[in-house]
Protein chains: 2
Amino acid sequence: MTPDDKSTRDRLIDAAELLFADQGIEATSLRDVTAKAGANIASVNYYFQSKDGLVQAVYERRIAPLNEERLRLLDLAERAAADRPPSLEAIVESFVEPSIRFCASHPNFMRVAGRLQFEPNLEFRSRFIMQFQEIAKRYEAALRRALPDIPVEDLFWRMHFLIGAMIHTWSNACDVELVSRGKYRFSGDADMAKRLIDFAVAGMRAPVAKKKSTGGKG
Amino acid sequence: MTPDDKSTRDRLIDAAELLFADQGIEATSLRDVTAKAGANIASVNYYFQSKDGLVQAVYERRIAPLNEERLRLLDLAERAAADRPPSLEAIVESFVEPSIRFCASHPNFMRVAGRLQFEPNLEFRSRFIMQFQEIAKRYEAALRRALPDIPVEDLFWRMHFLIGAMIHTWSNACDVELVSRGKYRFSGDADMAKRLIDFAVAGMRAPVAKKKSTGGKG
DNA sequence: AATCAATTCAAACGATCGTTTTACTTTATG
DNA sequence: CATAAAGTAAAACGATCGTTTGAATTGATT
C-alpha cells in the first residue's frame, strides 16, 4: 500500500504525527503538515475543523488501542492469579510492555504523547487527564491487592514515578546517545522494557519510611 | 525589596520564568513578558538579543546553582564514606533533595526546565545536554562504587529512570490533584523527596535480570 | 552646564500563523 | 445526462509574532 492509497484524512494524520514528533506541535504549521501530506492547506480545517482537532485526532488514533491493551493484560494478570493478589511483576509489565511495543511500531507517537504532557495552552490537556483516570483507578486497585502493606498514597506516587520514568525514557530515547557520548543507545526492544519493569517493581516494593514531617503545616 | 527595585533585566527574567511555566515557552509572547515586567517591548532584544537569549537566561540563572548544590552534596557523601563506597541513599538524596528545595523556593523554574526537555526547535537543547554531561559522569562514577554488582549500562538507565520520575513529578505537580480527583496533593516538602528517594534507591538495587535477547545485535 | 553613553520608548517592519472564502473538480445517485 | 454532494484548489483574511528603527530620556562624568 503506497501512501497515495491512503485517504487525505489519513495522510494528514500521518504527516502531523511525524512532524509533531520531530518539531513539536506549536512549531509545526499546518502548511508543513499539508505539504508533507500532499494536500491543500484548507484540508485540515475541512476534516478536523481546526489545528487542535488535528492534534486530537493524532492522539486519539493510537491512545485508545494502547490503553485497551494495557487493561487487557491487566485483566489477564488478575485472572491468572485467580482469587489471590495478582503478581506485581505482571501488573507493572501490563503497563509498560504495551508502550514499548507501541514505541517500536509507532516510533513517533510516544514522543508526541510525551510532548502533549507539557503543552499547557490546549484545553486538550483536561481531556487527556480525564481519559487517564480510568487507567489510574484500575491500576490503583490492582496495586492495593498486590501490595497491601504499602499505603495507598505511596502507591499513587510510585505509580506517578513509573509513569514519569516511562515517558522520559520513550520520548527522550533519541537523545540518549548524545548524553552518554555514544556509549549507550536506546534499544527499542524487550530488554529496555525489562529494565524499567525491574526498576519499578523494586521501587514499588520499597519499605515505606516513617514520615519525618515535623507536625507543622506541610 | 519591592519588584520595582529590581533592574529591568531581572524583572524580565522573573516575568519570563513565571509565564513560561504557566503558558509554555512558545505560547508566551515577548509582549506578555514585557507587559508583566513593566518594560518596553524592545527591552528583551536590548538585553538578551533574542527570545532564545531570554529563554537561556531564565534557565541558566537557576540551573548552575542547582547542579553545584548537587555536586556539593555528592562530594560530602563521598567524603563521609572515606575510602569505602558511598551510601546509595546519600547519592540519590544528593541528586533529588536539591531539586525539591528548588521546587519550594522557585516554584516555576522546575516546570520550565521540564518544558525545555520537550522543546525541540531551539538549539538550546544541545547546550542543555552538554551541560548535563558533567553531572551524569560524576553520578555514574559514584553509583559504580556504591553498586559494583550492577552493570554500568543498567546503572545508566536506572539513573535515566530516576531523572524521568523526578521531572515528571516536579513539573506535573499541579495536575496531580486533578488526576486523583482531589484525593492526593503534591506537598512540596521533604516528604515528597523521601518518597522518590525510597523508590529510586530500591529500584537501583534491583537484581539485574538475565537479558532475554535472542543473541542478535543488542 | 555640557557631554556622552546607557537605557527606555512608541511605532512600525516583514514574516508567518490559523482560518475562511469562493470557485473548481470529482464522485456518487436518480 | 442531470443533479447534488463531497472533496480539492488558489487566494486572501485578520491577527500576532519576533525584531528593528530612531528618537526621547536618564544619569553619571567632566
Side-chain angles (χ1 to χ4, degrees), chain A residues 2-60 112 115-116 119-125 127, chain B residues 2-59 112 115-116 118-125 127:
Chain A
T2 71
D4 304 333
D5 294 337
K6 292 188 175 182
S7 70
T8 299
R9 208 188 109 99
D10 287 339
R11 280 184 288 119
L12 286 172
I13 297 183
D14 287 342
E17 186 181 70
L18 194 152
L19 291 171
F20 288 168
D22 277 346
Q23 313 174 3
I25 296 172
E26 302 227 40
T28 300
S29 70
L30 296 185
R31 287 166 178 83
D32 291 338
V33 175
T34 53
K36 180 170 270 291
N40 187 270
I41 167 69
S43 58
V44 169
N45 289 79
Y46 179 79
Y47 285 106
F48 307 100
Q49 285 75 50
S50 67
K51 184 180 182 179
D52 270 22
L54 175 61
V55 174
Q56 206 168 294
V58 168
Y59 184 69
E60 292 184 346
V112 178
R115 292 257 167 75
L116 282 170
E119 297 268 351
N121 51 343
L122 314 169
E123 51 92 32
F124 171 91
R125 201 174 164 74
R127 189 191 312 261
Chain B
T2 71
D4 302 333
D5 294 338
K6 292 188 173 181
S7 71
T8 299
R9 208 189 110 97
D10 288 339
R11 279 183 290 118
L12 287 172
I13 298 182
D14 287 341
E17 185 180 71
L18 194 153
L19 290 171
F20 289 169
D22 276 347
Q23 313 174 4
I25 296 172
E26 303 228 40
T28 299
S29 70
L30 296 185
R31 286 166 178 84
D32 291 338
V33 174
T34 52
K36 179 170 271 292
N40 187 270
I41 167 72
S43 58
V44 169
N45 288 81
Y46 179 78
Y47 284 105
F48 307 100
Q49 284 76 48
S50 66
K51 184 180 182 178
D52 271 21
L54 175 60
V55 174
Q56 207 167 293
V58 167
Y59 183 71
V112 178
R115 292 260 167 74
L116 282 170
F118 287 87
E119 298 267 351
N121 50 343
L122 314 170
E123 52 92 33
F124 170 90
R125 200 173 165 75
R127 189 190 312 260

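Predicted, not measured: the structure shown is a model, and the values here were computed from it. So you know, we letter chains A, B, ... as the sequences are listed, proteins then strands, and number each from 1. Values reported hereafter were calculated over all heavy atoms of this structure, with side chains retained and with hydrogens, waters and symmetry mates removed.
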How many whole angstroms separate atom CZ of B/Arg9 from atom C1' of C/dA6? 15 Å
Calculate the interatomic distance between B/Leu12 atom CG and C/dT7 atom P; express it in whole Å.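 Atom CG in B/Leu12 sits about 12 Å away from atom P in C/dT7.
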Whether [X] side chain and [Y] backbone form a donor-acceptor pair below 3.5 Å:
X: B/Arg115; Y: B/Phe20; answer: yes
X: A/Ser43; Y: A/Ala39; answer: no
X: B/Lys51; Y: B/Asn45; answer: no

In residues 37-46 of chain B, which residues come under 4.0 Å of DNA chain C by heavy atom? B/Asn40, B/Ile41, B/Ala42, B/Tyr46
For DNA chain C, determine which residues of residues 29-36 of chain B have any heavy atom closer than 4.0 angstrom to one of its atoms, and list them numerically.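 Here the set is B/Arg31.
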Scan B/Phe48 against the nucleic acid and name what it touches under 4.0 Å (heavy atoms): base, sugar-phosphate only, or nothing. nothing
Could you check if a side-chain atom of B/Leu30 sits within less than 4.5 angstrom of a side-chain atom of B/Leu54, using non-hydrogen atoms only?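 SC-SC contact between B/Leu30 and B/Leu54 confirmed.
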Quick one: does B/Asp22's side chain get under 4.5 Å of B/Thr28's, heavy atoms only?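 With C-beta onward as the side chain, the pair stays apart.
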Considering only heavy atoms of chain A and a distance under 4.0 Å, specify the first and last nucleotide of DNA chain D in 5' to 3' order that meet this criterion.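 Contact span on the strand: D/dA6 to D/dA12.
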Could you pull out the closest heavy-atom pair between B/Ala21 and B/Val112, with the gap in Å?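 Smallest heavy-atom distance, with atoms named: N-CG2, 3.6 Å.
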Please enumerate all residues that pass side-chain contact (heavy atoms from CB on, under 4.5 Å) together with A/Gln49, with sequence neighbours excluded. none
Test side-chain contact (heavy atoms from CB on, under 4.5 Å) applied to A/Ser29 - qualifying residues, sequence neighbours left out: A/Arg31, A/Asp32
Pair A/Phe48-A/Leu12, side chain to side chain contact (heavy atoms under 4.5 Å, CB included): steps then yes or no: CA-CA 10 Å; A/Phe48 307 100; A/Leu12 286 172; 3.9 Å; yes
Test of understanding: with side-chain hydrogen bond (donor to acceptor under 3.5 Å, both in side chains), list the residues that count as partners of B/Thr8, not counting sequence neighbours. B/Arg11
